[in-house]
Number of protein chains: 2
Amino acid sequence: MARIMDAPLDTAESWLAARGEKLTELRREVLSLLLANHGPIKAYDLLAALQKQRPGASPPTVYRTLDFLVAAGIVHRIDSLQSFVVCPTFHAPHQGVLLVCERCHGVEELDSPLWMETMRRELAGSGFAMNQHELEIKGLCRNCQVVTV
Amino acid sequence: MARIMDAPLDTAESWLAARGEKLTELRREVLSLLLANHGPIKAYDLLAALQKQRPGASPPTVYRTLDFLVAAGIVHRIDSLQSFVVCPTFHAPHQGVLLVCERCHGVEELDSPLWMETMRRELAGSGFAMNQHELEIKGLCRNCQVVTV
DNA sequence: AGCGTAATGTAATGTTATTACACCACCTTC
DNA sequence: GAAGGTGGTGTAATAACATTACATTACGCT
Ligand SMILES: [Zn+2]
Ligand SMILES: [Zn+2]
Ligand SMILES: [Zn+2]
Ligand SMILES: [Zn+2]
């Protein structure tokens, strides 16, 4: 059961262990649901899914777990969608750019440290210290550019 | 009274007229409050301010007006702060980058079309059509870099 | 066993945003 | 100048998103 999800979960477990933290049963369930969703999910949708297997789950249950996973770098919060998505490369140091489609609400993560470094330098010139971990760019994904509707 | 605010309001009026839209009394009051605030303001804080001079104001009053002003390009919504800020250069075509300080929640708008064009091109390479009007970058402003607290 | 900290449960509340429908002002057309 | 359409606003209710505060449990350590 859920065999296909084991690898990322195990990776998360080691990743957390290296930080002195634990992937508890609750966290495992939440992360599993996040992975199963493919793409960003809203906190309350996640809560609804979680409640199917853990009836007592409440908003704090899911928000606490999300906060933890976000702090650990395993999950990213997408401000423009008020949603959460698993980072595809959380186990490796990276400077991801989150490409958020304004039409289908899909999110793609592009790792381009070189590009980020350029931006960082440009902005430093105007006295602003960019946070290199969570850059969110809105636009249209490849699919959504075609359809105008 | 409010003499200093007249110029931007008048500019907004002409700008809207050119689009076939009107700066009604309500919209004028809301925009005036936004201008008076300097920096981003939350919808419900704006509502509270508005209610002082317009007791019947309710959430739809302010959200409708904000939606209108955002659509007209006069106001920007800051996703990461769930706040709204007047665009300092709405009357001129521009491609602003919103530099959002994660500590003091200040927002600075940097107009750098050249830089934006570079980004647009880079991203187009990966099939993503960036929205050039609302790029939001998180980080620390000049003041907040000093203090670590 | 006794203690301290991390994790979770639970109830209530706070904050942000939308829906639905009523009403009015204004403009156009007949 | 009545009828009808549109845009703008009023009002009530509710939905959606997030946090606080406190109780309880799990678990490693002495
Ligand atoms: Zn990532
Ligand atoms: Zn899309
Ligand atoms: Zn602007
Ligand atoms: Zn600052």
Side-chain angles (χ1 to χ4, degrees), chain A residues 12-13 16-34 37 40-72 74-85 100 102 105, chain B residues 12-13 16-17 19-34 37 40-72 74-85 100 102 105 136:
Chain A
E13 188 155 29
L16 287 171
R19 294 169 44 109
E21 292 172 323
K22 280 173 289 192
L23 186 65
T24 63
E25 180 53 26
L26 171 62
R27 289 166 185 169
R28 179 175 287 266
E29 286 179 32
V30 168
L31 183 51
S32 188
L33 289 169
L34 281 161
N37 186 65
I41 185 172
K42 300 222 155 211
Y44 272 70
D45 291 343
L46 182 57
L47 174 57
L50 184 61
Q51 282 172 333
K52 288 182 185 164
Q53 59 199 61
R54 190 178 272 254
S58 62
T61 311
V62 67
Y63 279 105
R64 273 198 292 240
T65 308
L66 285 170
D67 285 350
F68 173 84
L69 293 172
V70 167
I74 295 176
V75 166
H76 296 308
R77 181 194 150 88
I78 315 293
D79 287 331
S80 56
L81 301 179
Q82 292 179 172
S83 296
F84 300 84
V85 68
V100 182
E102 295 181 296
H105 297 168
Chain B
E13 188 156 27
L16 287 171
R19 294 169 44 108
E21 292 172 323
K22 279 174 286 193
L23 187 64
T24 63
E25 179 53 26
L26 172 60
R27 289 167 185 168
R28 180 174 285 267
E29 287 180 33
V30 168
L31 181 52
S32 187
L33 290 169
L34 281 160
N37 185 67
I41 186 172
K42 299 224 154 208
Y44 271 72
D45 291 343
L46 182 58
L47 173 56
L50 185 61
Q51 282 172 333
K52 288 181 185 164
Q53 59 199 60
R54 191 178 270 255
S58 61
T61 311
V62 67
Y63 279 105
R64 273 196 293 237
T65 308
L66 285 170
D67 285 351
F68 173 85
L69 293 171
V70 167
I74 296 176
V75 166
H76 296 306
R77 181 195 148 87
I78 315 292
D79 288 332
S80 56
L81 301 179
Q82 292 179 177
S83 295
F84 300 83
V85 68
V100 182
E102 296 181 296
H105 298 167
E136 199 171 317

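Quantities reported herein were computed from a predicted structural model and do not represent experimental measurements. Quick note on labels: first sequence line is chain A, next is B, and so on, each numbered from 1.
Regarding Leu50(A), its CG atom lies at a distance of 11 Å from the P atom of dT8(C), rounded to whole Å. Between Asp45(B) atom CG and dA17(C) atom C1' there is a gap of 15 Å when expressed in whole angstrom units. dA17(C) atom P lies 5 Å from atom CD of Gln82(B), rounded to whole Å. Per the geometry, CD1 belonging to Ile78(B) stands 17 Å off C1' belonging to dA17(C), to the nearest Å. Rounded to an integer number of Å, the gap from Lys42(A) NZ to dA15(D) P is 16 Å. Residue Leu47(A) contributes atom CG, which lies 11 Å from atom P of dC17(D) at whole-angstrom precision. Rounded to whole Å, atom C1' of dA6(C) lies 15 Å from atom CG of Asp67(A). In this entry the distance linking CG of Leu46(A) with P of dA18(D) reads 12 Å, nearest Å.
Dashed line: the shortest gap from a side-chain N or O of Arg64(A) to OP1 or OP2 of dA18(D) is not under 4.0 Å.
Comparing dT19(D), dT9(D), dA17(C) by their closest approach to the side chain of Arg54(B) singles out dT9(D). Minimum atom distance to the side chain of Arg77(A) is reached by dA18(D), of the listed dA18(D), dT8(C), dA17(C). Among dG10(D), dT20(D), dT19(C), the nucleotide with an atom closest to any side-chain atom of Pro60(B) is dT19(C).
Here the side chain of Asp45(A) pairs no donor or acceptor atom with the backbone of Ala48(A) at under 3.5 angstrom. Looking at Lys42(B), its side chain does come within 3.5 Å of a backbone N or O of Leu81(B) through a donor-acceptor pair. Looking only at distances, no side-chain donor or acceptor of Ser32(B) sits under 3.5 Å from a matching main-chain atom of Glu29(B). Glu21(B) contributes no side-chain N or O that, together with a main-chain N or O of Leu16(B), makes up a donor-acceptor pair within less than 3.5 Å.
In this structure, the separation between NE2 on His105(A) and OG on Ser83(A) is 8.5 Å, given to the nearest 0.5 Å. Residue Phe68(A) holds its CZ atom at 7.0 Å from OG1 of Thr24(A), rounded to the nearest 0.5 Å. We find the CD1-CG distance between Ile41(B) and Leu47(B) to be 10.0 Å, quoted to the nearest 0.5 Å.
Near-neighbour residues of DNA chain C inside residues 18-27 of chain A, defined by a heavy atom below 4.0 Å, number-ordered: Thr24(A), Leu26(A), Arg27(A).
Looking at Leu46(B) and Leu66(B), their side chains come closer than 4.5 Å, going by heavy atoms from C-beta outward. Residues Leu33(A) and Gln53(A) meet the side-chain proximity criterion, which asks for heavy atoms closer than 4.5 Å.
Remark: ring of Tyr63(A) does not overlap the six-membered base ring of dT19(D) in a stacked fashion, as centroids less than 5.5 Å apart with planes less than 30° apart are not both met.
DNA chain C forms stems at C:1-30 with D:1-30, each a run of 3 or more consecutive Watson-Crick or G-U wobble pairs whose two key distances fall under 3.5 Å.
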